[in-house]
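Here's the structure we're looking at; comments come further down.
From a predicted model like this one, the values you see are computed outputs, not experimental measurements.
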Amino acid sequence: QVQPVESGGGLVQPGGSLRLSCVASGSTFRGYGVGWFRQAPGKEREFVAAIRLTGDNTQYADSVKGRFTISRDGAKNTVYLQMNSLKPEDTAVYYCAAAKGLIITTMARRMSYNYWGQGTQVTVSS
């Protein structure tokens with residue numbers, strides 16, 4: 001069983017950048033696909049980005065394509081979400097989630113993921 005732990009959130013001005021990290025506490029992400037989701041106040045949790053086990057398949061929500069990049073570092077047992085050109089509408093709690101057997105057609109679905117972190121707040125404001 002893997003327990004994702006997020007870090008790297010904070011307050012940033014519009015147009016700025018942040019890098020979120022997700023570590024598998026007490027375990028390893030080996031064998032797992034990993035996704036990032038976010039939830040703004042009063043809204044449902046939505047898909048942001050995901051990366052499969054081998055790291056060669058990634059998916060992004062249309063709203064973040066070209067601005068966000070997901071990557072994984074097997075040696076550091078960490079998955080990153082690099083967020084550039086941030087907008088106020090990116091403000092949300094960002095969650096990292098993990099799942100075994102993640103496939104391309106279901107990577108963006110919340111129900112595909114078994115293990116969730118506690119989230120990290122990202123606020124984009126001037």
What pairs of donor and acceptor atoms, side-chain ones from residues 14-34 against any protein atom, are under 3.5 angstrom apart with sequence neighbours left out?
| unit_1 | atom_1 | unit_2 | atom_2 | d |
| --- | --- | --- | --- | --- |
| S17 | OG | N84 | OD1 | 2.9 |
| T28 | OG1 | R30 | N | 3.1 |
| T28 | OG1 | N77 | OD1 | 3.3 |

Expected output: side-chain Q59 to main-chain I104 donor-acceptor under 3.5 Å: yes
Trace of the side chain to side chain contact (heavy atoms under 4.5 Å, CB included) decision for Y95 with E6: CA-CA 7 Å; Y95 297 90; E6 308 93 337; 4.1 Å; yes
Side-chain touch V79/I70, heavy atoms, less than 4.5 angstrom: yes
Linked, directly or transitively: M83 and Y80 (ILVMFWY side chains, under 4.5 Å): no
All side chain to side chain donor-acceptor pair (under 3.5 Å) counterparts of K100, not counting sequence neighbours: none
Residues in ring pair (Phe, Tyr, Trp, His ring centres under 6.0 Å) contact with F37, at least two apart in sequence or another chain: F47, Y113, W116
Residues forming a ring pair (Phe, Tyr, Trp, His ring centres under 6.0 Å) with F68, sequence neighbours excluded: none
ILVMFWY cluster, L86 and Y60 together (side-chain gap under 4.5 Å): yes
Any residue meeting salt bridge (Lys or Arg N to Asp or Glu O under 4.0 Å) with K87, in chain and number order, not counting sequence neighbours: none
Side chain to side chain donor-acceptor pair (under 3.5 Å) against R110, all qualifying residues, sequence neighbours excluded: none
Closest approach of P4 to V2 (non-hydrogen atoms, all atoms of both residues): CD-O, 3.6 Å
Reported CD-to-OH distance for the pair Q1 and Y115, which is rounded to 0.5 angstrom: 5.0 Å
All pairs passing salt bridge (Lys or Arg N to Asp or Glu O under 4.0 Å) where residues 41-51 contributes a residue, at least two apart: R38-E46
Any residue meeting salt bridge (Lys or Arg N to Asp or Glu O under 4.0 Å) with R67, in chain and number order, not counting sequence neighbours: D90
Residues forming a side-chain contact (heavy atoms from CB on, under 4.5 Å) with R109, sequence neighbours excluded: T106, S112
Side-chain polar contacts of residues 118-126 - donor-acceptor pairs under 3.5 angstrom, sequence neighbours left out - could you list them?
| unit_1 | atom_1 | unit_2 | atom_2 | d |
| --- | --- | --- | --- | --- |
| T120 | OG1 | G9 | N | 3.2 |
| Q121 | NE2 | A92 | O | 3.4 |
| Q121 | NE2 | T123 | OG1 | 3.3 |

